[in-house]
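Reminder, nothing fancy here: chain letters follow the sequence lines and each chain counts from 1.
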Amino acid sequence: MLDIKRIRQDKDQVIELLSRRGGEYPIEDLLKADERRRELLAETEKIKAEQNRVSKQVPVLKKEGKDTAELFEQMRFLSDKTKELDNQVRLCDEQINEWLLGIPNTPNKDVAVGRDETENVEIRKWGAVPQFDFEPKAHWDLGVALDILDFERAAKITGSRFTMFKGLGARLERALINFMLYTNTTEGGYTEISPPFLANRKSMTGTGQLPKFEFDMFGLKEPDYFLIPTAEVPLTNVYRDEILPEEALPVKLTAYTPCFRAEAGSAGRDTRGLVRNHQFDKVELVKLTHPEASYDELENLTKDAERILQKLNLPYRVIELCTGDIGFCAAKTYDIEVYMPSYNRYVEISSCTNFEDYQARRTNLRYRDGDGKVKFVHTLNGSSMAVGRTIAALIENYQQADDSIRIPDALVEFMYGTTEIKAGK
RNA sequence: GGAGAGAUGUCCGAGUCUGGCCGAAGGAGCAUGAUUGGAAAUCAUGUGUACCCUAACCGGGUACCUAGGGUUCGAAUCCCUAUCUCUCCGCCA
């Protein structure tokens with residue numbers, strides 16, 4: 001969430017930055033409630049101070065054998081008064097908090113201003129788009145033909161937007177996970193975590209999925225847990241409510257988890273194949289950094305993610321999301337898009353974001369600075385990679401004229417030496 | 001699932017029976033200073049967070065002893081609920 005003090009002090013700037021997202025937020029109402037809260041607080045604290053002062057005298061008076069009945073009568077009045085005021089303060093707090101949780105992060109001031117994804121900015125391109133001397137197939141056709149993907153039976157087991165991987169397809173998925181984790185933990189220097197795949201409401205609120213996007217989550221009836229939509233949730237919450245020593249920064253974590261998304265707003269989009277499923281595997285990167293280092297760390301994080309595609313030799317481009325397209329909690333985001341022949345364009349496969357202190361405030365995740373002060377860290381995350389989309393990209397970019405799929409060199413050892421996937425194998 | 005025990009500051013740990021002077025003893029750690037050629041050891045001092053008032057990171061105030069309620073003039077201390085941890089039993093990958 002945003003810092004209420006910052007909203008108070010730099011109201012115009014906050015409103016201006018938020019307006020770049022397109023959308024209106026109850027800043028004025030918030031400030032009015034905040035002012036009211038402080039008035040009430042001053043009043044109640046004054047009474048409480050009086051109560052405390054008198055209370056301290058009670059044992060003294062009793063020792064002297066004096067009658068306290070009248071005093072208690074007055075105190076009872078004050079006590080009722082504070083209860084009433086406390087209640088009003090609590091109502092203010094709840095309202096303020098509700099508003100704050102519903103206001104997105106301010107985009108970084110240098111992020112390109114734009115309405116929607118059409119105004120995103122291409123930063124760089126890597127690799128050559130494959131040229132086929134035959135008609136390339138979409139992964140949902142080729143994968144089924146090779147009997148490594150099965151959408152129909154997955155739908156039978158569960159429903160639409162689920163995929164079953166079979167044989168070398170299942171091995172390919174597992175190989176990619178291992179390859180990604182191996183690369184991240186060795187060259188990347190990240191610490192591997194294997195977290196819970198269910199998260200409670202507090203964790204989900206900390207990273208910003210709740211309260212606003214509950215409709216897009218799969219939740220359990222009892223207990224009040226949610227299937228994680230990304231490893232960002234458990235990883236960013238690892239150190240929630242903690243104060244880290246400055247030397248511990250940056251904290252660099254990586255994890256493989258399945259991800260579960262209701263895709264509530266995506267009816268009719270990407271209905272075929274692996275691009276948009278209710279369940280998909282992903283290897284995630286999360287960094288907790290010193291505030292001054294977070295933008296450098298975002299560049300590094302993005303390069304860490306790109307490294308995976310480079311090793312797999314998959315063509316991609318990096319784009320900077322404009323203010324109208326960045327996520328709710330984000331201050332700045334680079335998307336990495338892999339070339340997908342069936343779409344005849346680049347498709348998002350990773351999203352690398354600096355949240356600045358927005359999530360850190362929600363998760364109360366702080367560090368002790370060199371001057372002894374406690375401050376909020378900056379949080380970042382990025383996918384490295386979404387495994388399902390990586391498989392789709394591999395199938396399509398590595399397909400051969402005979403309908404076989406070549407396995408990228410970097411992946412062969414993780415495939416137990418398998419170098420190609422062919423029909424009938 | 002059944003029975004019991006517990007949760008206190010950065011950590012360890014008193015206090016809880018017998019509610020008040022307990023933001024909380026003591027120790028460790030850490031910081032600063034003294035001592036030293038330098039270090040260790042020793043000694044001295046200091047050492048939570050959030051919010052409010054204030055020009056102020058000076059000062060004052062309020063809250064916080066897992067969380068949320070309750071009793072009371074007053075709660076770390078009494079009562080209720082939840083969560084988590086531990087022990088035993090049962091069940092189980």
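When Watson-Crick and G-U wobble pairs are counted only if both distances are under 3.5 Å, B/rC86 pairs with B/rG4. Pairing partner, B/rA34: B/rU42, with both Watson-Crick or wobble hydrogen-bond distances short of 3.5 Å. Under the Watson-Crick or G-U wobble criterion, with both distances below 3.5 Å, B/rU72 has no partner in any strand shown. With a cut-off of 3.5 Å on both pairing distances, B/rA24 has no Watson-Crick or G-U wobble partner at all. With a 3.5 Å ceiling on both atom-pair distances, B/rC17 lacks any Watson-Crick or G-U wobble partner. Figure legend. B/rU47 is base-paired to B/rG29; pairs are counted as Watson-Crick or G-U wobble with both atom distances under 3.5 Å. Nucleotide B/rC57 forms no Watson-Crick or G-U wobble pair with any nucleotide shown, as no partner meets the under 3.5 Å limit on both distances.
A gap of 35 Å separates the P atoms of B/rG13 and B/rC91, to the nearest Å. Distance noted for atom C1' between B/rA25 and B/rU42: 24 Å (whole Å). One C1' atom belongs to B/rG23, the other to B/rU18, and the distance between them is 23 Å to the nearest Å. Of the C1' atoms belonging to B/rG48 and B/rA39, the separation is 31 Å, rounded to the nearest Å. For the C1' atom pair drawn from B/rA76 and B/rU8, the interatomic distance equals 7 Å after rounding to whole Å. Remark: the separation of the P atoms in B/rG6 and B/rU10 is 24 Å, to the nearest Å. Spacing of P atoms, B/rG9 relative to B/rG68, comes out at 15 Å, to the nearest Å. One C1' atom belongs to B/rA7, the other to B/rA67, and the distance between them is 11 Å to the nearest Å.
Between the CD atom of A/Glu39 and the C1' atom of B/rC52 there is a distance of 13 Å, rounded to whole Å. The separation between A/Gln74 atom CD and B/rG74 atom C1' is 15 Å, rounded to whole Å. Distance A/Lys46 NZ to B/rC52 C1': 13 Å, rounded to the nearest Å. One interatomic measurement links the two molecules: NZ of A/Lys48 to P of B/rC53, which rounds to 15 Å at whole-angstrom precision. In this structure, the CE atom of A/Met75 is 11 Å from the C1' atom of B/rG20, given to the nearest Å. In this structure, A/Lys373 places its NZ atom 18 Å from C1' of B/rU10, rounding to the nearest Å. Rounded to a whole Å, the CZ atom of A/Arg361 is 9 Å from the P atom of B/rC51. Between the CG atom of A/Leu40 and the C1' atom of B/rC53 there is a distance of 15 Å, rounded to whole Å.
In this structure, A/Arg368 does not reach the B/rU10 phosphate: none of its side-chain N or O atoms is under 4.0 Å from OP1 or OP2. Between A/Arg53 and B/rG61, a side-chain N or O to OP1/OP2 separation shorter than 4.0 Å is absent. Distances shorter than 4.0 Å separate none of the side-chain N or O atoms of A/Thr44 from OP1 or OP2 on B/rU62. For A/Asn52 and B/rG74, the shortest distance from a side-chain N or O to OP1 or OP2 is not below 4.0 Å. Distances shown here put a side-chain N or O of A/Arg8 below 4.0 Å from the OP1 or OP2 atom of B/rC52.
When the nearest nucleotides of RNA chain B are assigned to A/Asp34 and A/Tyr225 by heavy-atom distance, the more 5′-ward of the two goes with A/Asp34. Mapping A/Ala49 and A/Lys375 onto RNA chain B via the closest heavy atom, the residue that lands nearer the 5' end is A/Lys375.
Comparing B/rC52, B/rG20, B/rU49 against the side chain of A/Ala42 picks out B/rC52 as the nearest. The side chain of A/Lys5 approaches B/rC52 more closely than any other nucleotide in the set B/rC52, B/rU49, B/rG20.
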Please determine whether ring-ring contact (aromatic ring centres under 6.0 Å, His included) holds for the pair A/Phe226 and A/Phe218, giving the CA-CA distance in whole Å, both sets of side-chain angles, and the decisive distance to 0.1 Å.
CA-CA 6 Å; A/Phe226 296 83; A/Phe218 286 117; over 10 Å; no
Between A/Leu365 and A/Arg240, is a side chain to side chain contact (heavy atoms under 4.5 Å, CB included) present by the stated rule, with each step listed?
CA-CA 5 Å; A/Leu365 173 40; A/Arg240 186 181 73 215; 5.8 Å; no
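Of the possible donor and acceptor atoms, none in the side chain of A/Arg21 sits under 3.5 Å from a partner among the backbone N and O of A/Pro107.
Ring pair A/His290/A/Tyr367 is tilted by interplanar angle, where 30° to 60° counts as tilted. Using cut-offs of 30° and 60° for the angle between ring planes, the A/His278 and A/Phe162 rings count as tilted.
The CG atom of A/Asn108 sits 11.0 Å away from the OG1 atom of A/Thr323 when rounded to the nearest 0.5 Å. Rounding to the nearest 0.5 Å places CD of A/Glu28 at 3.5 Å from NZ of A/Lys11.
Enclosure of atom NZ in A/Lys156 is not indicated, since only 12 or fewer non-hydrogen atoms of other residues, nucleotides or ligands lie within 6.0 angstrom.
Across all strands shown, A/Val58 has heavy atoms under 4.0 Å from base atoms, whether or not it also approaches the sugar-phosphate.
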Quick one: which protein N/O atoms are closer than 3.5 Å to N/O atoms of nucleotides 66-71 of chain B? Pair and distance per line, please.
none

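You'll find the side chain of A/Asp147 reaches within 4.5 Å of the side chain of A/Lys166, heavy atoms only.
With 3.5 Å as the limit, one finds a donor-acceptor pair spanning the side chains of A/Arg6 and A/Thr106.
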